[in-house]
Amino acid sequence: MKINTELDRLNPAQKEAVTSTEGPLLVLAGAGSGKTRVITMRVAYLVHLGVPPSSILAVTFTNKAAQEMKERVHSLLGGRGTGHPVISTFHSLCLNILKREIEALGYRRDFTIYDTGEQVSLLRHLLSDIRVFEKSFKPEDVLEKISRFKNGFNEDKKTKAPKGGQDDFDVEALSEGLLPRYQETMRSLNVVDFDDLLLLTLRLFREHPEALERYRRRFQYVMVDEYQDTNKVQYDILKLLAGERKNICVVGDDDQSIYGWRGASLNNILDFERHFPGVKIVRLEHNYRSFGNILKAANSVIKNNSRRMEKSLRTDRGDGPKVRLYRAENGGEEAQWIAGQIAQLKFEKKLAYEDFAVIYRANTLSKPFEEAMRTQRIPYTVVGGTSYFDRKEIRDLAAYLKVIANNSDNLSLLRAASAPKRGLGSATTGRLAEFAKDRSMENLLETFKRAEEAGVPPKQAETARSFALMIEKYSDLFKERGGMGAAFGALVREIRFNDYIGELYKSQEMAFRRMENVENFIQSLNDYEQRALLEKNPEAGETPTLQDFLEDLALDSAPAEKEEKPFGVVLTTFHSAKGLEFPVVFIACLEEDILPHRKSALPGEDFEEERRLFYVGITRAMKELYLTCSRYRTKYGKLTPLTPSRFLEELPGDAIRRIEDEEPETPEQQDAKVKAFFARMREMLNG
């Protein structure tokens, strides 16, 4: 039988984790130890034991991870049994629960999801209403504070206004003033944000025990991936779902907990034994990714953290090359040296550019590395660039779709009404908003139809009315079976959106690229509709809806879930590199005040998280690892002397080789360099 064959391929610790099915289980999975294989095997093993697949829940953090787990489980089960295990991200799980239950919380089922840009727009309106101007508090900063507050990350520290600003915007101001207003406005618009998906689910479980009991009965076995990244709200949801049965298995690595700045709680994994008495702990310490010297470096660094659970990575792949340490004279030389090493290694080891990664502390450090790659004609991708969903033309059209799906979404209505411009400026929309407010009309779309009553001049009143009727027309068209893609294309043509793009971007090439984005957006709705028609059951009344498409769009564009397919050398931060692996890794800018970051020394900050970042970077390397720093770096226009990171002192001497300590090159090595140079020249001439 396939399951038994797969079980025999596991190492003893992995097999123990898979076959320990009852009660709470903590799987401490070190980097590269095969945790995804353990989770998927455990799902398949439970089904093999006779557990109904629909009674199994596995949650993780990204769509990519969830999809990979689904594919592996499907392969292991081979179509066995009825129903499917629920394998999902936290946000997707909560969204599906709320789609069935949200009316109990005072929302309608046709709610839509606001992304970060839409939240910022709403906050800008609210801050203006309470006379807190953007020069004093940036909406983006206030939004971050709101998110941390809502996720149980309440700090005593205050968010300071710039010099000359108004009073401190503290937790009390959030909880007693802006936050209730923000939440009530969101409810009146029938929209939620990403934090609300979790918070409203938790509120549902706490306020409606019958709903909680339904999901407890359904999910008899709960598994959680990347448990070290969970926040307080996610922990509370999982604790409630586990109930008295406590069949909960969490898989994670406290040494890779690097998201404390956005609310992840290291204590969730460190205190798991206290939260779930009687827990069984299994340690996965066999690393299948890296050579021994890389692991020696990782173990030697991370053991200096005091808040961790004991574990040590090991491998049977041999020691491999020593970790190389290079100190450049300045940041520009450091970047050029790294680019030169990549060019040489690519030739000597017959690697692809995609086999290399350069990792640094923050995106602001990428510039010299980009310049060096361009100078040496090396293709590269900066991970964390502008998302497709952040482009203006996509946001404008998404606003149309959102107000068509949810006529109460006033913010999307106002954005759509101004793209393209149609004479409905801020004076007109402001008058319409006041008219709606005076008459307690929450739906601004209805006010648009009564614009003349609001005292709007006849020409603008007719424009507003026509716009509202057009939105209502497309609300009906999008409900026709199999007609969403066609309706979207008709809408884009009716509002002459491509003409609008042509006027917006004077460069013909830029305008053409933006028009291509629009065509791709329309095609994505077409593709979704065709795919959903195959997956759904029309006889049971299941049909693709615009709301379903917008939910998929929102979850795919969530900040934590943007996936980019790299081309060339990957330039990335430690945070973006987590979960990835590369044959050759360069970790750069290893100096005091960069890593560890200077802010980590402040009271209340987690200095040990900086060491965990370094550990995550080290464990991305499979075959070769290079660590670099500089003697000087330009800061604020001045050349500033630097001190190497204290973490470099924690590296084991027997696994490290300093570049300046290396023996002179042999004639064969020099000959290889010459060949690499001419190969590089040929590439440049052909490029």
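- Although no hydrogens or angles enter the test, the distance criterion places a donor-acceptor pair under 3.5 Å between the side chain of T40 and the main chain of R37.
- Side-chain polar atoms of S306 and E608 form a donor-acceptor pair below 3.5 angstrom.
- Judged by the 6.0 Å and 45° rule, K239 forms a cation-pi pair with F276.
- Within the 4.5 Å cutoff, side-chain heavy atoms of W261 are placed close to those of E609.
- Both the sub-6.0 Å distance and the 45° axial angle are not jointly satisfied by R620 relative to the ring of F582.
- Taking the six-membered ring where the residue is Trp, F61 and F90 present tilted rings, their angle falling between 30° and 60°.
- With sequence neighbours excluded, the residues forming a salt bridge (charged side-chain N to carboxylate O under 4.0 Å, His left out) with D236 are R206, K232, listed by chain and number.
- For the residue pair S33 / N287, no side-chain donor-acceptor distance below 3.5 Å is found, with atom types taken as modelled.
- Residues satisfying the side-chain hydrogen bond (donor to acceptor under 3.5 Å, both in side chains) test with Q220, not counting sequence neighbours, are none.
- With ring centers used as reference points, F488 lies under 6.0 Å from F521.
- Between the CG atom of L49 and the OH atom of Y221 there is a distance of 8.0 Å, given to the nearest 0.5 Å.
- For K311, the side-chain hydrogen bond (donor to acceptor under 3.5 Å, both in side chains) test picks out D253, D254, D255, with sequence neighbours left out.
- Looking at S312, S300, S290 one by one, the single match for side chain to side chain contact (heavy atoms under 4.5 Å, CB included) with L295 turns out to be S290.
- Remark: the backbone N or O of K64 is not paired with any side-chain donor or acceptor of Q67 at under 3.5 angstrom.
- With respect to the salt-bridge test (charged N to carboxylate O, under 4.0 angstrom), the residues E551 and K99 qualify.
- Checked by atom type, the side-chain pair D196/Y107 shows no donor-acceptor distance below 3.5 Å.
- Listed for the S20 side chain is a donor-acceptor partner under 3.5 Å among the backbone atoms of E16.
- With no hydrogens or angles considered, no side-chain donor-acceptor pair links Q14 and K35 at under 3.5 Å.
- Side-chain N/O atoms of E101 and Y215 include a donor and acceptor closer than 3.5 Å.
- Looking only at atom types and distance, the side chain of Q119 has a donor-acceptor partner in the side chain of D193 under 3.5 Å away.
- Between Y227 and F272, the ring planes lie perpendicular to each other; the angle is over 60°, past the 30° to 60° tilted range.
- A 4.5 Å side-chain heavy-atom check between L25 and V282 finds at least one atom pair inside the cut-off.
- Salt bridge annotation for K15-E6: absent, with no cationic side-chain nitrogen under 4.0 angstrom from a carboxylate oxygen.
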